[in-house]
2 protein chains.
Amino acid sequence: MTRESFAGIRQLRPSRKLLPEHARGHNRSLVLQTLYRASGKSRADLARDTGLTRVTISDLIAELMLEGLVIELGQREGEARPGKPATLLDLKRDAFQIVGIDLSAFEIFRGALLSVDGEVLHSAEIPLAGSTGADATAKVFALAEELVAAATSPVLGIGVGSPGVVALDGTVLGAPNLGWRHEPLQTALSAHFDLPAVVANDANAAVLAEHSFGGSEGDLMLVKVGHGVGAGLLLGGSLLHGSRFAAGELGHVVVGTHGGPLCVCGKHGCLETWLATPRLDAALAEARSSGTPTEPILTEAGRHLGIALAPVIAALNLPEIVLSGPRELLDGALTDAAVDTLRNRTMAEIHGELSVRMTTLGEDIVVRGAAAMVLSKQLGVS
Amino acid sequence: MTRESFAGIRQLRPSRKLLPEHARGHNRSLVLQTLYRASGKSRADLARDTGLTRVTISDLIAELMLEGLVIELGQREGEARPGKPATLLDLKRDAFQIVGIDLSAFEIFRGALLSVDGEVLHSAEIPLAGSTGADATAKVFALAEELVAAATSPVLGIGVGSPGVVALDGTVLGAPNLGWRHEPLQTALSAHFDLPAVVANDANAAVLAEHSFGGSEGDLMLVKVGHGVGAGLLLGGSLLHGSRFAAGELGHVVVGTHGGPLCVCGKHGCLETWLATPRLDAALAEARSSGTPTEPILTEAGRHLGIALAPVIAALNLPEIVLSGPRELLDGALTDAAVDTLRNRTMAEIHGELSVRMTTLGEDIVVRGAAAMVLSKQLGVS
DNA sequence: TTTGTTAGTACACCTTACGAACAAACCCTA
DNA sequence: TAGGGTTTGTTCGTAAGGTGTACTAACAAA
């Protein structure tokens, strides 16, 4: 159990010099962010919101208008106030569109063209048909090609949520289902389309979507249940990657002490054996055919989820858990049992303020998260 | 389970304006940090290490020398090299001393005067004698007074590691054993001594000590076993506080599904019931008096620790766990069982690179962590 | 018409970091 | 011993970023 035993990539120490131009970029993003969240603000409003002076705001806005990112909407109307009427501003929200791609669905790659606000403008998908390795990569490029071609405005960038372990530079270090090992997807996409690209883990993309478009605060865990089980963690507003970029890989944690079903990984009682959709569907089908009630199966699954999450929630003091996956499986007895289990296994100070719920973003959560990654990288907006 | 159900303090959104002077402060800390880790560097060396120019480094060094924080050691000798000989620099390590205080021990407050390098120069302690509330606060002040008086150089600040939940501003929101509720210790200490003060949770202080003085990297969990069980989490080099500053409160997570011993909190099978030292000591004493072997008790404790930690380690992709507490209890069968359990309950990709060990800092870990907090706050050094 | 308020801009100034150029101090070589 | 090369650290001037002050523009209320 030494740390040299794994030939992974070491994260770089981020502490570097800070120049005035970095401050400028930060303040620029601050202005964009403020406008992104609430349009129809004046320069003076922005000054009050950001703490920068009106002069600086004017300077930044002039720069952003020159780049075509911000437009003037005209003068504020309605309320009669003394003083010079304010000139309202907004992001030019149709200046760009974003390509978002989800590689985490079963046997299909899904993609969408999205607005800057994260609305899906156009969807596309391509069946995987068992492709792995270079074939799978080719399908990603084909899907991206179609979506880039469908854009009616310049494309701000291409975001991808991929299963497996993804490094900070967008290299898929390992994705067994797709047969990828050390696949430099982000670099390749960026070079091929001559566009900015971001590749990240699917659950990480999903948690960003929930934060950006689902109204969640900055401390949040998103548990994604599908063919496997994974999670994305947002702590203090920023993604947790983990020392080897494998944070959130909860599927193969053993739950309970009774043994449990055999998992593909060779262990017994992994969280996936209780929660992954193929297992759950099979158990439910069998119950239905034999006439036994189905609810205990969902309750048991939820209970195991709760057992696995309790130490994580306590250790991180997490206020919010969001579930993503088939609503008919997750939303109901399963969630109820998870909540109940969490209540029984954590202090009141922890579970008292805990919110556990389904995502409201549905199946688009990963493509929208991919778009959020592009927004964050290109504009500093989230 | 709504988030409004707890009348806690809400963390502020950190996104604020960034001014050139903030950049200056960052670069200043960068220089201090570089010198702190390796003395005997020249201005040109620092320029190479930080990426700043020699001009900027000279400017920053001049400022730091004016403040008495940095001194010139004279010219580099030894190796014969071409060029003008370098003037070596160092932190003036005896310019300041630091007061560190540990409120987490049983029935005693421990404190120390420390050097900038984190060495204990002088120790002091004061028995708690059952004091709580204002009496306990007074004992903290008395201990601080003694240590400040013992200083032979100006005191850089006072650091305190306190049990319980501590807000970012150093207010102890709740510490049952000391009878504190919303105790503004940091503000009070700072005002009374006219010195900078930092108050944080004891386990958080400990994890910072392990990082600063124990040689750990920036991803680390420190589990502190004493009268209770708590943890400090360092993720990506920065402390995790949690949405209500209760991160690391692992003691009252239920472990196992068999019920287990009754805990003071009313639940059965909390981690503390397996691991806290009073329980362990009692169980061991009983085993010894009845002639039964003691090792199974330690093994069982370690197993429960492993069960509780497995989901956390997997979710965070943590590479390192450090244990702090009585070595005779933790170091041996207990740790071995924990490691074994973790190996059986997580993927090889997770536990393969995991290191689990005792701290090397012993009983001084919290006071040294408190000193590290002062260093970090006042000099930006860690 | 006067007064007071708000929005946005012009201008001078401060801070910060940089690049160019240079002197000092050392090595090595002819 | 003289000179070329190298490294260190400083001086000088410049560019970028942000602020404070003072100004104009535009409005409401009296």
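Throughout, protein chains are lettered first and strands after them, A, B, ... in sequence-line order, and every chain is numbered starting at 1.
Contact check, B:Lys17 against D:dG17: no side-chain N or O comes under 4.0 Å of OP1 or OP2. Contact between the side-chain N/O atoms of B:Arg24 and the OP1/OP2 oxygens of D:dG18 is not found at any separation under 4.0 Å. The side chain of A:Asn27 contributes an N or O atom lying less than 4.0 Å from OP1 or OP2 of D:dG18. An OP1 or OP2 oxygen of D:dG18 is reached within less than 4.0 angstrom by no side-chain nitrogen or oxygen of A:Thr53.
Ionic pairing of A:Glu72 and A:Arg43 is present here: one or more N-O contacts between side-chain nitrogen and carboxylate oxygen are shorter than 4.0 angstrom. Using a 4.0 Å cut-off between a side-chain N of Lys or Arg and a carboxylate O of Asp or Glu, A:Asp90 and A:Lys92 do not qualify as a salt bridge.
The backbone N or O of A:Gly236 sits less than 3.5 Å from a side-chain atom of A:Asp219, completing a donor-acceptor pair. Side chain of A:Gln186 to backbone of A:Val199: a donor-acceptor contact under 3.5 angstrom is found. Put simply, the side chain of B:Ser29 gets close to the backbone of B:Leu379: a donor and an acceptor are under 3.5 Å apart.
For the side chain to side chain contact (heavy atoms under 4.5 Å, CB included) criterion with A:Leu46, the lone passing option out of A:Thr56, A:Leu60, A:Ile57 is A:Ile57.
Residue A:Arg48 is classed as a sugar-phosphate contact, given heavy-atom separations below 4.0 Å to backbone atoms only.
Remark: P of C:dT15 and NE2 of B:His22 are 15 Å apart, rounded to the nearest angstrom. Summarising the geometry, the separation between CZ on A:Arg54 and P on C:dA10 is reported as 14 Å, rounded to the nearest angstrom. A straight line from NZ of A:Lys41 to P of C:dG8 spans 13 Å, rounded to a whole angstrom. Counting to the nearest Å, the P atom of C:dA7 and the CZ atom of A:Arg43 are 12 Å from each other. The CG-C1' distance, from A:Leu89 to C:dG8, rounds to 11 Å in whole Å. Between the CG atom of B:Asp45 and the P atom of D:dT8 there is a distance of 7 Å, given to the nearest Å. Rounded to whole Å, the distance from NE2 on B:His26 to P on C:dA17 is 10 Å. For B:Leu19 and D:dA16, the CG to C1' distance is 13 Å, given to the nearest whole Å.
Nearest to the side chain of A:Thr87, among C:dC18, D:dT8, C:dG8, sits C:dG8. Distances were taken from every side-chain heavy atom of B:Glu21 (C-beta onward) to each of D:dG9, C:dT16, C:dA7; the shortest belongs to C:dT16. For B:Ser42, counting side-chain heavy atoms from C-beta on, the closest listed nucleotide (D:dG9, D:dT19, C:dC18) is D:dG9.
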Please list each protein N or O that sits under 3.5 Å from an N or O in nucleotides 24-26 of chain D, with the distance.
residue, atom, partner, partner atom, Å
D:dA26, N3, A:Lys84, N, 3.1

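Place B:Pro20 and B:Leu88 on DNA chain D by their nearest nucleotides, and B:Leu88 ends up nearer the 5' end.
Residues A:Gly242 and A:Ala247 come closest through the heavy atom pair N-CB, 3.8 Å. Shown here for A:Leu30 and A:Thr34, the closest heavy-atom pair between the two residues is O-OG1, 2.7 Å.
Contact check of residues 55-70 of chain A against DNA chain C (heavy atom, cut-off under 4.0 Å) returns A:Val55, A:Ser58.
Once rounded to the nearest 0.5 Å, the distance linking CG of A:Leu234 with CG of A:Leu316 reads 12.0 Å. Rounding to the nearest 0.5 Å places CG of B:Leu185 at 11.0 Å from CG of B:Asp169.
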